[in-house]
Amino acid sequence: MDTNALAALLFPNVTATPADMEARFPERQLPEGAVVSRMAPSPTGFVHLGNLVQGLISERMCHQSGGVFFLRVEDTDAKREVPGAVEVLIDTMERYHIRYDEGATKTGDNGAYGPYRQRQRADIYHVFAKQLVLQGEAYPCFCTEEELTAMRAEQEAKKVNFGYYGPYAVWRDRPLEDVKAQLDAGKPWVLRYRSTGSIEHKFKFVDLVKGEIDVTENDMDHVLLKSDGIPTYHFAHAVDDHLMRTTHVVRGDEWLATLPFHLQLFRSLGWKPPKYLHIGPLQKMDGESKRKLSKRKDPELALTYYRQEGFSVDAVYEYIMTVLNSNFEDWRRQNPDAPIDDFRFSAKKMNPAGALFDAVKLRDVSKNVLSRLTADEIYDEIMAWAVDFDRDLYDRFAADPAYAKAILGIGRGGKKPRKDFAVFADVRPYLDFFYDDLFEMKDAVPDAFRKEDVKAALAGFAATYDAGDDAVTWFDKIKAVAEGLGFAADMKEYRQNPEAFPGSVADVSMFLRLAVTGRVNSPDMYDVMQVLGQARVLARIDAMRQTL
RNA sequence: GGCCCGUUCGUCCAGUGGUUUAAGACACCGCCCUUUCACGGCGGUAACAUGGGUUCGACUCCCGUACGGGUCACCA
């Protein structure tokens with residue numbers, strides 16, 4: 001086969017050479033050990049947890065090493081492309097503190113290694129496609145979809161391996177005249193790689209997450225260029241990651257299957273392949289068994305889900321970090337207030353198997369994250385969520401921010417912070433009693449108590465209550481009320497001999513709590529009353545007396 | 001079906017041949033603190049999928065089996 005003639009036939013307009021490309025995209029001048037990696041999503045508009053995990057790992061590796069992290073848009077499949085998807089992706093990643101040093105942006109490209117959208121790089125791929133043809137390592141294939149489907153059916157019937165290889169690679173060694181005839185007839189073609197690998201040959205490969213793995217050589221003549229002249233993922237990956245000088249590729253382990261082909265491609269093109277980190281899939285429990293999270297079945301795969309549910313960005317981020325690096329939790333305990341970027345992420349600590357998504361654990365992480373915020377910070381976060389998902393709450397808070405912050409500030413800032421909320425949606429039911437129009441009696445006084453005692457307790461408290469009292473004085477007054485009713489004021493004494501009293505100061509407190517909050521459980525009642533203010537407290541106590 | 005990956009408490013995971021009577025966290029249970037709840041403290045239940053090797057010794061190495069997962073597109 002005259003490869004020069006074939007190359008001229010296939011790529012008549014390609015004049016640039018691989019050397020031109022090398023010159024156009026020179027090696028990066030970076031310190032020793034700097035990681036260059038990328039996020040390379042296809043713009044489908046759906047940003048999921050997997051994107052975040054992959055992006056987070058890459059971003060950390062790059063920025064912890066003084067390297068470069070860039071965004072490349074893999075828009076080679078025009079059919080699946082969703083308008084505006086790139087913008088959504090960039091916005092979402094930005095919310096999760098994932099910033100790109102170069103690559104596609106909302107307004108265009110930024111960086112010297114672009115274009116960063118693969119469809120705009122067609123001419124670049126063609127240079128290397130032509131090179132492979134010249135080397136006799138690529139050839140055109142004119143098989144139709146029907147022919148390929150029939151081939152597959154035949155392979156299934158014969159119980160042989162599926163795919164375009166060996167005897168099934170019908171265009172692999174066709175004479176030039178046949179190719180020319182098809183071309184002249186205007187038939188569409190794809191460019192295929194001419195594999196010389198054999199599944200009989202195995203070799204070892206070191207993946208940075210999986211460790212040493214057994215690899216079987218690829219013997220398939222995979223497609224390099226589709227009939228529209230746009231490359232497949234495989235070819236684009238090799239060309240782009242070489243020319244963009246990527247040192248590390250982080251991707252899902254579903255790519256392990258095609259790794260042999262990728263390595264083969266790098267070799268044919270005369271390039272050193274990058275280091276690979278193949279990460280296991282996120283899974284979830286489905287009845288008795290685990291399964292990969294699926295786009296269709298599992299809403300929790302979409303990042304928008306977490307925003308909607310009211311998880312803070314930091315909670316999701318820290319949860320993922322917890323799953324990826326088990327020493328993260330210890331670090332966080334020791335450095336509760338340190339910026340998260342101070343944590344030294346380690347790819348070595350990742351588990352080669354996929355993690356199970358644990359919603360309960362996420363809530364726990366989230367409670368811890370939220371408990372560390374100041375009243376001002378959590379106020380801002382809640383508002384950012386409520387503006388889209390709880391307009392009524394937003395309006396209330398906006399109407400009186402100082403009051404809202406006072407509510408949110410209860411129990412905050414101490415050594416033992418309250419952990420009342422996992423998500424912002426937990427806020428409303430927690431604090432509805434702070435608003436008169438939302439207040440309602442959710443619990444009732446247990447039947448064991450006499451109504452007269454309850455009434456007397458409320459009246460006694462109301463008679464002496466002064467919002468200016470400190471917590472000790474305030475509680476001493478409650479004790480006095482209890483004693484006046486014959487209730488035990490000292491809890492130790494009461495516990496030793498509960499039969500001797502009709503109730504205790506704890507019960508009196510419960511009556512008051514019921515009156516003021518409408519329920520038997522609440523945050524510290526002194527703090528609650530301080531926030532509500534004297535007038536509201538007395539009004540509620542009075543209101544409850546009326547109902548008894 | 002071929003090829004590949006994985007398998008430690010319910011869950012996330014530590015663990016790279018002896019330091020392990022297998023650590024921690026979440027969940028669960030008990031106790032303590034406490035005017036309730038939350039928080040916090042202390043303690044408890046609970047795991048190396050399985051069968052063979054190799055070795056003085058295996059969670060750690062090798063082989064088989066089972067079970068999960070992935071992949072075998074002109075999708076990424």
Side-chain angles (χ1 to χ4, degrees), chain A residues 40-42 44 74-77 79-80 141 143 145 148-149 152 155-156 159-165 188-192 199 202 207 210-211 213-218 220 222-228 230-234 236-237 251-260 278 280-281 283 285 289-292 319 322-330 333 349 351-365 367 371 411 414-421 430 443 475 478-479 482 489 491 504-510 512-514 517 519-526:
Chain A
S42 46
T44 59
E74 310 231 318
D75 58 357
T76 54
D77 187 6
K79 291 186 291 292
R80 297 201 312 163
C141 165
C143 284
E145 207 180 313
L148 293 175
T149 307
R152 158 107 190 191
Q155 287 167 336
E156 277 180 41
K159 295 197 196 308
V160 297
N161 286 348
F162 314 138
Y164 198 95
Y165 66 95
W189 54 280
V190 299
L191 189 73
R192 283 184 186 274
I199 54 170
K202 320 259 180 188
D207 179 271
K210 302 272 183 192
I213 52 177
D214 290 308
V215 182
T216 304
E217 279 186 5
N218 166 58
M220 304 269 192
H222 287 294
V223 173
L224 262 16
L225 291 178
K226 301 187 271 187
S227 56
D228 58 2
I230 299 297
T232 54
Y233 169 85
H234 316 289
H237 156 52
R251 52 160 46 163
D253 65 3
E254 67 270 19
W255 290 110
L256 231 32
T258 43
L259 177 67
H278 286 98
Q283 304 184 95
M285 279 320 276
S289 61
K290 293 182 186 179
R291 59 149 231 267
K292 194 177 169 181
Y319 171 69
T322 302
V323 169
L324 294 180
N325 269 194
S326 57
N327 54 326
F328 174 75
E329 279 188 284
D330 286 335
R333 244 189 300 282
K349 287 207 151 280
N351 190 311
L356 192 77
F357 180 78
D358 186 346
V360 177
K361 179 86 181 186
L362 169 62
R363 285 183 67 86
D364 179 70
V365 170
K367 281 185 178 179
S371 75
K415 278 201 298 273
K416 295 177 177 179
R418 297 191 64 87
K419 297 182 180 174
D420 296 300
F421 327 120
Y430 163 86
D443 297 314
F475 196 60
I478 296 177
K479 281 195 209 170
M491 286 308 289
S504 72
V505 67
D507 298 315
V508 173
S509 298
M510 184 251 289
L512 293 170
R513 175 169 287 111
L514 222 30
T517 69
R519 49 186 102 175
V520 293
N521 296 331
S522 80
D524 185 85
M525 192 162 52
Y526 177 77

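Proteins get letters first, then strands, A, B, ... in listed order; numbering begins at 1 in each.
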Tell me: [atom1] of [X] to [atom2] of [N], nearest whole Å?
| X | N | atom1 | atom2 | answer |
| --- | --- | --- | --- | --- |
| A:Arg513 | B:U36 | CZ | P | 8 Å |
| A:Asp330 | B:C13 | CG | C1' | 11 Å |
| A:Tyr319 | B:U11 | OH | C1' | 9 Å |
| A:Leu256 | B:C5 | CG | C1' | 6 Å |
| A:Asp443 | B:U35 | CG | P | 20 Å |
| A:Asp253 | B:C5 | CG | P | 11 Å |
| A:Lys361 | B:C28 | NZ | P | 13 Å |
| A:Glu156 | B:C72 | CD | P | 14 Å |

Look at the side-chain N and O atoms of [X] and state whether any lies under 4.0 Å from the OP1 or OP2 oxygen of [N].
| X | N | answer |
| --- | --- | --- |
| A:Lys202 | B:C3 | no |
| A:Lys419 | B:C37 | no |
| A:Thr322 | B:C12 | no |
| A:Arg152 | B:A73 | yes |
| A:Thr76 | B:A76 | yes |
| A:Lys210 | B:G69 | no |

TODO: Would you please say whether a donor-acceptor pair under 3.5 Å links the side chains of A:His222 and A:Arg192?
DONE: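 Short answer, no.
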
Between [options], which nucleotide gets closest to the side-chain atoms of [X]?
| X | options | answer |
| --- | --- | --- |
| A:Ser42 | B:A76, B:C74, B:A25 | B:A76 |
| A:Lys226 | B:C74, B:C72, B:A38 | B:C74 |
| A:Met525 | B:A76, B:C72, B:U35 | B:U35 |
| A:Asn521 | B:C75, B:U35, B:C37 | B:C37 |
| A:Met491 | B:U35, B:A76, B:C72 | B:U35 |
| A:Glu254 | B:C37, B:G70, B:C4 | B:G70 |
| A:Thr216 | B:A27, B:C3, B:A76 | B:C3 |
| A:Ala257 | B:C5, B:C74, B:G70 | B:G70 |

Open item on the list: Checking A:His278 against A:Arg251 for the side chain to side chain contact (heavy atoms under 4.5 Å, CB included) test, could you report, in this order, the C-alpha distance in whole Å, the side-chain angles of both residues, the deciding distance, and whether it holds?
Closed with: CA-CA 5 Å; A:His278 286 98; A:Arg251 52 160 46 163; 3.0 Å; yes

Task: Test log, rule salt bridge (Lys or Arg N to Asp or Glu O under 4.0 Å), inputs A:Glu156 and A:Arg152 - done: CA-CA 6 Å; A:Glu156 277 180 41; A:Arg152 158 107 190 191; 2.8 Å; yes

Once you apply a heavy-atom cut-off of 4.0 Å, does [X] come out as touching a base, just sugar-phosphate, or nothing?
| X | answer |
| --- | --- |
| A:Val520 | base |
| A:Cys141 | nothing |
| A:Lys367 | nothing |
| A:Arg363 | nothing |
| A:Ser371 | nothing |
| A:Asp524 | base |
| A:Arg251 | nothing |
| A:Arg519 | nothing |
| A:Ser522 | base |
| A:Val323 | sugar-phosphate |
| A:Ile213 | sugar-phosphate |

Gap in Å between the two [atom1] atoms, one belonging to [N] and one to [M], rounded:
| N | M | atom1 | answer |
| --- | --- | --- | --- |
| B:U8 | B:C59 | C1' | 7 Å |
| B:U19 | B:G1 | P | 42 Å |
| B:G68 | B:C61 | P | 24 Å |
| B:C28 | B:U35 | C1' | 28 Å |

Task: A:Ile199 side chain near A:Asn161 side chain, heavy-atom distance below 4.5 Å - done: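 They are in side-chain contact.
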
- [ ] Go through the N and O atoms of the side chain of A:Ser227 and the base of B:C74, and report whether any donor-acceptor pair is under 3.5 Å.
- [x]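 Yes.
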
Task: First of A:Val505 and A:Glu145 reached from the 5' end of RNA chain B, by closest nucleotide - done: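 Of the two residues, A:Val505 wins.
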
TODO: Kindly indicate, with the supporting measurements, whether the criterion salt bridge (Lys or Arg N to Asp or Glu O under 4.0 Å) is fulfilled by A:Asp330 and A:Arg333.
DONE: CA-CA 5 Å; A:Asp330 286 335; A:Arg333 244 189 300 282; 3.2 Å; yes

Open item on the list: Under 5.5 Å centre to centre and under 30° between planes: does that hold for A:Phe475 and the six-membered base ring of B:U35?
Closed with: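 Yes.
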
Open item on the list: Between A:Ile213 and A:Leu259, is the side chain to side chain contact (heavy atoms under 4.5 Å, CB included) condition met? List the steps.
Closed with: CA-CA 11 Å; A:Ile213 52 177; A:Leu259 177 67; 4.1 Å; yes

TODO: Spell out, as yes or no, whether a donor-acceptor pair under 3.5 Å connects the side chain of A:Thr232 to the backbone of A:Val223.
DONE: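 Indeed, once roles are kept as given, a pair shorter than 3.5 Å links the two residues.
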
Task: Mutual orientation of the aromatic rings belonging to A:Trp255 and A:Tyr233 [parallel < 30°, tilted 30-60°, perpendicular > 60°] - done: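 The arrangement is parallel - the two ring planes meet at less than 30°.
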
